[in-house]
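Just the heavy atoms: all of them, side chains too, but no hydrogens, waters or symmetry mates, feed the values below. Note that the coordinates shown come from a computational prediction; the quantities given were computed from them, not determined experimentally. Sequential numbering from 1 along the given sequence is applied to the chain's residues.
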Amino acid sequence: MGGGAVGEVLSAAELGEPLGERATVVQFSSAFCQPCRATRRVVAEVAGMVDGVRQVELDAEANLGLVRRLNVLRTPTLLVLDAEGAVVRRAAGLPRKADVIAAIGEAVR
């Protein structure tokens with residue numbers, strides 16, 4: 001999980017959902033994206049293991065302003081936010097479960 005958009009801050013209003021108490025994993029998806037479904041399952045499993053972590057999935061086409069601002073070039077793209085909504089990690093493509101666990105660990109320090 002790499003850079004780009006790291007340091008940006010996203011609000012609950014921008015996401016349309018509340019931030020997680022400890023961390024939020026934001027997934028940008030699209031309607032016909034096969035890896036998005038698998039990514040959703042991986043993130044849900046990991047988020048369910050850590051108290052205070054929330055999963056938010058956004059349709060890239062319906063959120064073009066955020067997509068442009070955050071330079072989202074493909075789906076799925078994951079952003080891991082800390083409790084204040086600051087982006088601490090970012091990845092595109094289907095992540096490994098271990099990478100999601102590590103990224104959430106970094107956010108909830």
Side-chain angles (χ1 to χ4, degrees):
M1 299 188 82
V6 172
E8 285 273 355
V9 178
L10 300 176
S11 68
E14 289 174 301
L15 297 177
E17 294 193 35
L19 294 171
E21 190 178 306
R22 298 177 69 203
T24 305
V25 181
V26 179
Q27 177 179 334
F28 285 91
S29 297
S30 54
F32 300 103
C33 166
Q34 287 294 337
C36 291
R37 291 188 200 114
T39 298
R40 181 183 314 122
R41 285 191 299 274
V42 169
V43 173
E45 187 177 337
V46 174
M49 294 168 28
V50 184
D51 287 340
V53 175
R54 185 171 181 81
Q55 177 180 14
V56 175
E57 187 170 5
L58 299 176
D59 181 279
E61 291 178 40
N63 292 279
L64 288 177
L66 276 179
V67 164
R68 288 184 186 110
R69 182 177 133 204
L70 300 168
N71 199 29
V72 174
L73 302 176
R74 60 185 276 209
T75 56
T77 291
L78 291 179
L79 303 176
V80 179
L81 316 179
D82 66 14
E84 286 74 46
V87 178
V88 295
R89 295 292 291 272
R90 173 192 179 119
L94 179 60
R96 294 178 321 139
K97 184 176 173 182
D99 293 334
V100 177
I101 292 169
I104 290 173
E106 192 172 315
V108 299
R109 284 184 195 168

For this session: Might you work through the side chain to side chain contact (heavy atoms under 4.5 Å, CB included) test for V26 and L81, ending with a clear yes or no?
Result: CA-CA 8 Å; V26 179; L81 316 179; 3.8 Å; yes
Problem set entry | CA sep, side-chain torsions, deciding dist, call: E45, R40, salt bridge (charged side-chain N to carboxylate O under 4.0 Å, His left out) | CA-CA 9 Å; E45 187 177 337; R40 181 183 314 122; over 6 Å; no
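One hydrophobic cluster holds both V53 and M49 under the rule that ILVMFWY side chains link at heavy-atom gaps under 4.5 Å. Note: the hydrophobic cluster containing L94 does not contain L58 (ILVMFWY, side chain heavy atoms under 4.5 Å, direct or indirect links).
Summarising the geometry of V80 relative to A107, their closest heavy-atom pair is CG1-CB, 3.7 Å, with the distance given to 0.1 Å. Residues T75 and S29 approach most closely at CG2-C, 3.6 Å, considering heavy atoms. Heavy atoms only, all atoms of each residue included: R54 and L19 are closest at CD-C, 4.0 Å. Across all non-hydrogen atoms, the minimal contact from F28 to A60 is CD2-CA, 4.4 Å. Across all non-hydrogen atoms, the minimal contact from P76 to P35 is CD-CB, 3.9 Å. Contact record, T39 with G93: OG1-O, 4.3 Å, taken as the closest heavy-atom pair.
In this structure, the side chains of L10 and L66 come closer than 4.5 Å at one or more pairs of heavy atoms. Contact annotation: the side chain of R22 approaches that of V50 to within less than 4.5 Å [non-hydrogen atoms, C-beta and beyond]. Counting only heavy atoms from C-beta outward, the side chains of R89 and L79 never approach each other to under 4.5 Å. When side chains are defined from C-beta on, V46 does not count as touching Q55, because their heavy atoms never get closer than 4.5 Å. No side-chain heavy atom of D99 sits less than 4.5 Å from a side-chain heavy atom of K97. Side-chain contact between D82 and V108 is absent, with no heavy atoms from C-beta onward closer than 4.5 Å. Put simply, the side chain of I104 reaches to within 4.5 Å of the side chain of V25, judged on heavy atoms.
For E21, the CD atom is loosely surrounded, since the number of other residues' heavy atoms within 6.0 Å does not exceed 12.
Q27 contributes a side-chain N or O that, together with a main-chain N or O of C36, makes up a donor-acceptor pair within less than 3.5 Å.
Rounding to the nearest 0.5 Å places CG of L70 at 9.5 Å from OG1 of T77.
Taking a cutoff of 4.0 Å between a charged side-chain nitrogen and a carboxylate oxygen, R90 and E8 do not qualify as a salt bridge.
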